[in-house]
Amino acid sequence: MKYVLVTGGVVSGLGKGVTASSIGVLLKACGLRVTSIKIDPYLNTDAGTMSPFEHGEVFVLDDGGEVDLDLGNYERFLDIKLTRDNNITTGKIYQSVIDKERRGDYLGKTVQVVPHITDEIQEWIERVAMNPVDGTEEPADVCVIELGGTIGDKIFSPHNNSGILDAGDIESMPFIEALGQFSYRVGPGNFCLVHVSLVPVLNVVGEQKTKPTQHSVRGLRGLGLIPDILACRSTQPLEEHVKVKLAQFCHVPIPNIINLHDVTNIWHIPLLLRDQKAHEAILKVLDLQCVGKIPREPKLAEWTDRARKCDNCHIPVRIAMVGKYTGLSDSYLSVLKALLHASVALNRKLVVDWVPSCDLEDSTAEETPDAYEKAWKSLKGADGVLVPGGFGDRGVQGKILAAKYARENNVPYLGICLGMQIAVIEFARSIMKTNGANSTEFDPSTKTPCVIFMPEGSKTHMGATMRLGSRRTYFQVNKCKSAKLYGNASYVDERHRHRYEVNPDMVPEFEKAGLSFVGRDESGRRMEIIELPTHRFFVGAQFHPEFKSRPGKPSPLFLGLIAAASGQLDHLLQRPCGVFSPTGRCICFPNANGPQRLKVYQNGRVIKPLKGLVNGPYPATGNGAIPI
């Protein structure tokens with residue numbers, strides 16, 4: 001196993017996650033199997049109980065792991081499925097060591113940070129790196145590890161010129177020590193350290209400054225970690241003399257100094273790495289011939305086409321994002337990425353109008369009329385409305401008003417998790433005339449509980465007590481829009497994260513009034529997808545479809561929202577099996593078994609019947625067609 005460690009210095013928010021993901025893409029394009037691990041030094045066991053304002057969104061994995069949003073970047077870029085163990089936190093490490101101590105595994109030894117905590121970190125990395133993540137039974141060739149936070153920097157005090165550690169340095173120290181030992185443990189040729197740093201430009205002089213990176217590398221070396229490759233973030237491409245200076249003072253060869261300057265979209269980052277021969281530098285450090293395969297030149301034609309296509313999308317599609325964390329876009333990162341995937345696939349330029357749900361409420365009209373007017377102007381000017389998931393009662397009335405506006409004005413609507421529950425409550429109040437209809441989350445004593453607490457949930461413990469992870473949804477109506485978008489599948493597997501659900505006892509009343517529950521779980525009592533059949537596109541999902549969206553495989557429900565918002569839904573639903581291909585072409589067949597006469601379609605029309613019968617099963621994408 002080969003290891004690539006990605007660290008960051010100078011400031012946070014440089015894009016270590018995207019850099020680590022892009023390195024993985026580059027190595028995968030060279031024909032190598034790649035897995036990823038994210039290390040978060042905070043004491044929380046996982047990200048599940050953290051506010052989005054603290055750490056961005058909580059990303060959910062198939063196994064129910066609530067993890068850092070960077071694991072979402074890894075899954076999207078590398079098209080892999082990770083587990084909760086791929087996210088290491090201080091809380092998990094200490095909990096594991098304490099459990100071992102209680103069992104007597106340390107044979108009466110004094111349990112200390114060194115060696116017990118540091119050994120646990122190293123053993124965790126080695127164990128998780130061997131887990132297959134690409135759908136095969138084969139382990140990865142390379143494990144890309146991202147260490148969260150910034151290291152190699154100190155806060156200088158006027159009384160102590162040697163510098164003092166900040167909180168981030170203190171909590172990272174066990175991991176830094178463990179990784180220093182780990183590099184020695186796996187030996188030369190098996191460990192490559194990529195340090196992401198900042199090369200700023202001071203407006204006063206207009207010159208690229210190397211001192212922050214020099215200090216960062218010096219501090220990193222002092223901690224026992226020696227960078228093999230420098231990834232320098234900057235607004236503009238690095239000047240050649242700047243690279244020479246960095247090489248001289250950081251002791252890194254010029255070919256190993258990679259510039260990651262600002263680009264029009266993040267899909268250009270793997271291409272930047274390739275163009276600067278980053279793969280050659282990494283392969284050389286890792287001596288990758290030892291894994292039994294000779295890496296090829298990276299094949300990134302699909303990434304190149306996608307990055308170019310994104311840049312060339314000029315026709316806007318406006319989506320109103322109605323939520324309560326609109327001040328921090330990372331709170332809805334996966335939703336934004338899923339919208340982008342769908343927009344690019346349909347040749348549209350995504351424009352997101354952030355609408356704070358509180359600002360739509362009547363109380364805001366009295367207190368801050370300008371914010372109220374702005375929010376409603378954004379909502380009414382949108383081509384589609386999206387209400388994402390969330391918790392708590394703040395801004396709920398505004399979300400209900402947004403759902404009502406979309407329903408009454410035939411504006412495409414997608415409600416995710418809470419967004420679906422909101423749509424159900426609004427329907428009960430407006431169409432069924434039950435004015436007191438509510439969720440027991442917001443009003444525990446409501447006489448019309450449309451949404452109720454799940455029986456298996458816990459009201460005393462918050463962490464990992466929700467309905468989490470991949471669950472199966474069975475379509476009840478074959479001709480509904482959602483089923484068509486999923487390629488006329490009989491069921492889909494999507495990821496969940498919720499404590500409340502639609503009250504199954506009220507479902508007959510809702511359906512009698514015209515709201516269709518087209519997707520349910522295996523018991524038939526847990527509502528998963530709603531639709532208004534008479535509406536252009538009014539869909540709610542209890543699950544989170546954004547977590548499984550990929551750049552080359554957009555989430556079907558997001559594809560439906562963008563298609564409806566841009567006037568392409570009818571055309572999309574007419575495609576064979578509802579499958580989407582960036583070229584508009586696919587090979588289609590009725591089922592996955594027995595001899596079939598295959599046909600090549602383009603934009604819903606047969607353009608090339610294939611001669612003869614071909615025996616199944618076929619390498620399909622799971623929806624009856626193969627994009628080509």
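Given the structure is predicted, the values throughout are model-derived calculations rather than measurements. Heads up: numbering here begins at 1 and tracks the sequence.
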Specify the closest pair of heavy atoms between [X] and [Y], including all atoms of both residues, with the distance to one decimal.
X      : Y      : result
Ala423 : Ala403 : CA-CB, 4.3 Å
Ala437 : Ile425 : O-CG2, 3.7 Å
Val322 : Pro388 : O-CD, 3.1 Å
Asp383 : Val411 : O-CG1, 4.0 Å
Pro545 : Leu557 : CG-CD1, 4.2 Å
Ser329 : Trp354 : CB-CZ2, 3.9 Å

Is the number of heavy atoms from other residues, nucleotides or ligands within 6.0 Å of [atom1] ([X]) greater than 12?
X      : atom1 : result
Asn478 : CG    : no
Glu54  : CD    : no
Glu511 : CD    : yes

Distance alone, cut at 3.5 Å: any donor-acceptor contact between the side chains of [X] and [Y]?
X      : Y      : value
Asp311 : Asn265 : yes
Asn87  : Asp46  : no
Thr473 : Glu494 : no

Discussion item. Assess the residue pair Arg76 and Ser549 against the criterion (side chain to side chain contact (heavy atoms under 4.5 Å, CB included)); give the C-alpha distance rounded to whole Å, side-chain angles, the decisive distance to 0.1 Å, and a yes or no.
Written reply: CA-CA 7 Å; Arg76 284 187 288 268; Ser549 184; 5.9 Å; no
Discussion item. Once you measure the plane-to-plane angle for Tyr413 and Phe538, does it fall in the parallel (<30°), tilted (30-60°) or perpendicular (>60°) bin?
Written reply: parallel
Discussion item. Can you classify the ring geometry of Phe77 versus Trp303 as parallel (below 30°), tilted (30 to 60°) or perpendicular (above 60°)?
Written reply: tilted
Note, [X] side chain near [Y] side chain (heavy atom, < 4.5 Å):
X      : Y      : answer
Leu339 : Leu561 : yes
Arg348 : Ser566 : yes
Met321 : Leu336 : yes
Ile319 : Ile562 : yes
Arg525 : Arg520 : no
Asn86  : Val67  : no
Val539 : Val518 : no
Ile530 : Leu515 : yes

Donor-acceptor pair, distance only, cut-off 3.5 Å: does the side chain of [X] make one with the backbone of [Y]?
X      : Y      : result
Asp63  : Gly65  : yes
Thr19  : Gly15  : yes
Lys548 : Asp493 : yes
Lys324 : Ser357 : no
Asn503 : Pro449 : yes
Ser482 : Glu531 : no
Arg536 : Ala565 : no
Arg467 : His498 : no
Thr434 : Ala428 : yes
Asn44  : Ala47  : no

Discussion item. Please determine whether side chain to side chain donor-acceptor pair (under 3.5 Å) holds for the pair Thr368 and Asp370, giving the CA-CA distance in whole Å, both sets of side-chain angles, and the decisive distance to 0.1 Å.
Written reply: CA-CA 6 Å; Thr368 51; Asp370 290 345; over 6 Å; no
Worksheet item: Given the rule in the side chain to side chain contact (heavy atoms under 4.5 Å, CB included) test, do Phe543 and Ile529 qualify, once you have shown the distances and angles that lead to the verdict?
Response: CA-CA 8 Å; Phe543 49 79; Ile529 307 176; 3.6 Å; yes
Fill in: Close aromatic pair by centroid cut-off 6.0 Å: Tyr42 and His55
yes
Fill in: Close aromatic pair by centroid cut-off 6.0 Å: Tyr491 and Phe475
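Ring-ring flag for Tyr491/Phe475: false, centres at least 6.0 Å apart.
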Does a salt bridge link [X] with [Y], judged by any charged N lying under 4.0 Å from a carboxylate O?
X      : Y      : value
Glu75  : Arg550 : yes
Asp359 : Lys374 : no
Lys81  : Asp62  : yes
Asp305 : Arg308 : yes
Glu373 : Lys377 : no
Lys38  : Asp40  : yes
Asp262 : Arg233 : yes
Lys553 : Asp79  : yes

Worksheet item: For Gln542, which of Gln421, Arg526, Glu501 qualifies under side chain to side chain donor-acceptor pair (under 3.5 Å)?
Response: Gln421
Worksheet entry | Passing candidate, side chain to side chain donor-acceptor pair (under 3.5 Å) with Glu528, options His496, Gln476, Arg471, Arg472 |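 Single pass found, and it is His496.
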To the nearest 0.5 Å, what is the distance between [atom1] ([X]) and [atom2] ([Y])?
X      : Y      : atom1 : atom2 : result
Arg499 : Met466 : CZ    : CE    : 4.5 Å
Arg495 : Phe59  : CZ    : CZ    : 5.0 Å
Phe391 : Ser51  : CZ    : OG    : 11.5 Å
His261 : Leu272 : NE2   : CG    : 4.5 Å
Leu559 : Leu485 : CG    : CG    : 7.0 Å

Worksheet item: Checking side chain to side chain contact (heavy atoms under 4.5 Å, CB included) for the pair Glu546/Ser555: CA distance, chi angles, key distance, verdict?
Response: CA-CA 7 Å; Glu546 69 270 22; Ser555 165; over 6 Å; no
Worksheet item: side chain to side chain contact (heavy atoms under 4.5 Å, CB included) between Trp376 and Val355: does it pass, once the steps are laid out?
Response: CA-CA 8 Å; Trp376 275 101; Val355 181; over 6 Å; no
